[in-house]
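These notes are about the structure you will find just below.
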Amino acid sequence: NAGVTQTPKFQVLKTGQSMTLQCAQDMNHEYMSWYRQDPGMGLRLIHYSVGAGITDQGEVPNGYNVSRSTTEDFPLRLLSAAPSQTSVYFCASSAGTGGYEQYFGPGTRLTVT
Amino acid sequence: GQQVMQIPQYQHVQEGEDFTTYCNSSTTLSNIQWYKQRPGGHPVFLIQLVKSGEVKKQKRLTFQFGEAKKNSSLHITATQTTDVGTYFCAAAGGTSYGKLTFGQGTILTVHP
């Protein structure tokens, strides 16, 4: 099993550009989530999904969209990139919410200039 | 929303010294998880605590869950250079509706 995969590993965007961060998992997990990690801020939840077709907002959803058309994939879309979105983005999956181990992908380091 | 405070933010130790990081919540937690993130890497699950007063050990690591289920600690005995990284607690409970809320993390540096 590959676990959780993310692409790309690195990305540089100009302000106003849009892009999609890809995330896929092969563990048949129902729960998937996106976090951003900034120095001193820990991991903050952007959006999450409890199953195909179901998504909801986390702590910092503004400027990001998600969809979940399959169990395996959970892409994160930046609609109009801003310098404040410079961060490291992690996708995670787990067998359920709250009391289940979360498996993290390797991360995408995004810089917005 | 639920907040989990983690202290200290940074800890520098000499190899062989002990290390402790603490997590505190104002609300009662359903469970708490601990993760380790090596420099440049991604968070990796270490353990989950569920019961009031629970203590679990993994070699040199000791994890505790408070009696009131509002705080937790991770203690490393005799640190090694391989312990370097950021340690996060992640809690579920209160108003989080099953979602995990991460603490800010403690960055551990071990000097040989």
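Chain naming here is simple, since letters A, B, ... match the order of the sequence lines and numbering starts at 1 in each.
- When the side chains of ILVMFWY residues are joined at heavy-atom separations under 4.5 Å, either directly or via intervening members, Leu13(A) and Trp34(A) end up in a single hydrophobic cluster.
- Under the 4.5 Å side-chain heavy-atom criterion for grouping Ile, Leu, Val, Met, Phe, Trp and Tyr, Leu45(A) is not connected to Val60(A) through any hydrophobic cluster.
- With a threshold of 4.5 angstrom between heavy atoms, Gln37(B) approaches chain A through side-chain atoms but not through N, CA, C or O.
- Looking at Tyr35(B), the atoms closer than 4.5 Å to chain A (heavy atoms on both sides) all sit in the side chain, from C-beta outward.
- At a threshold of 4.5 Å between side-chain heavy atoms, the hydrophobic network of Ile, Leu, Val, Met, Phe, Trp and Tyr places Val88(A) and Val4(A) in two separate groups.
- Under the salt bridge (charged side-chain N to carboxylate O under 4.0 Å, His left out) criterion, Asp56(A) pairs with no residue, sequence neighbours left out.
- Both the backbone and the side chain of Leu43(A) come within less than 4.5 Å of a heavy atom of chain B.
- Judged purely by atom type and a 3.5 angstrom limit, Gln33(B) uses its side chain to pair as donor or acceptor with the backbone of Tyr100(A).
- Connection of Tyr35(A) to Val66(A) is not established within any shared hydrophobic cluster, with ILVMFWY side chains joined at heavy-atom distances below 4.5 Å, either directly or through further cluster members.
- Counting heavy atoms of neighbouring residues, nucleotides and ligands inside a 6.0 Å radius, atom OH of Tyr22(B) does not exceed 12 of them.
- With chain A as partner, the option from Phe88(B), Phe102(B), Tyr10(B) having the largest number of non-hydrogen pairs under 4.5 angstrom is Phe102(B).
- A distance of 13.0 Å separates CZ in Arg44(A) from OG1 in Thr101(B), rounded to the nearest 0.5 Å.
- Within the structure, the disulfide bond (SG atoms under 2.5 Å apart) test picks out the following pairs touching residues 11-45 of chain B (sequence neighbours left out): Cys23(B)-Cys89(B).
- Partners of Arg60(B) by salt bridge (charged side-chain N to carboxylate O under 4.0 Å, His left out), not counting sequence neighbours, listed by chain and number: Asp83(B).
- Within residues 102-113 of chain A, the residues having any heavy atom under 4.5 Å from a heavy atom of chain B are, by residue number, Gln102(A), Phe104(A), Gly105(A), Pro106(A).
- Of the atoms belonging to Gln37(A), it is side-chain heavy atoms, and not backbone ones, that fall under 4.5 Å from chain B.
- In the hydrophobic clustering of ILVMFWY residues, with side-chain heavy atoms under 4.5 Å counting as a link, Leu76(A) and Tyr31(A) come out apart.
- Of all heavy-atom pairs spanning Gly41(B) and Phe90(A), the tightest one is O-CZ, 3.6 Å.
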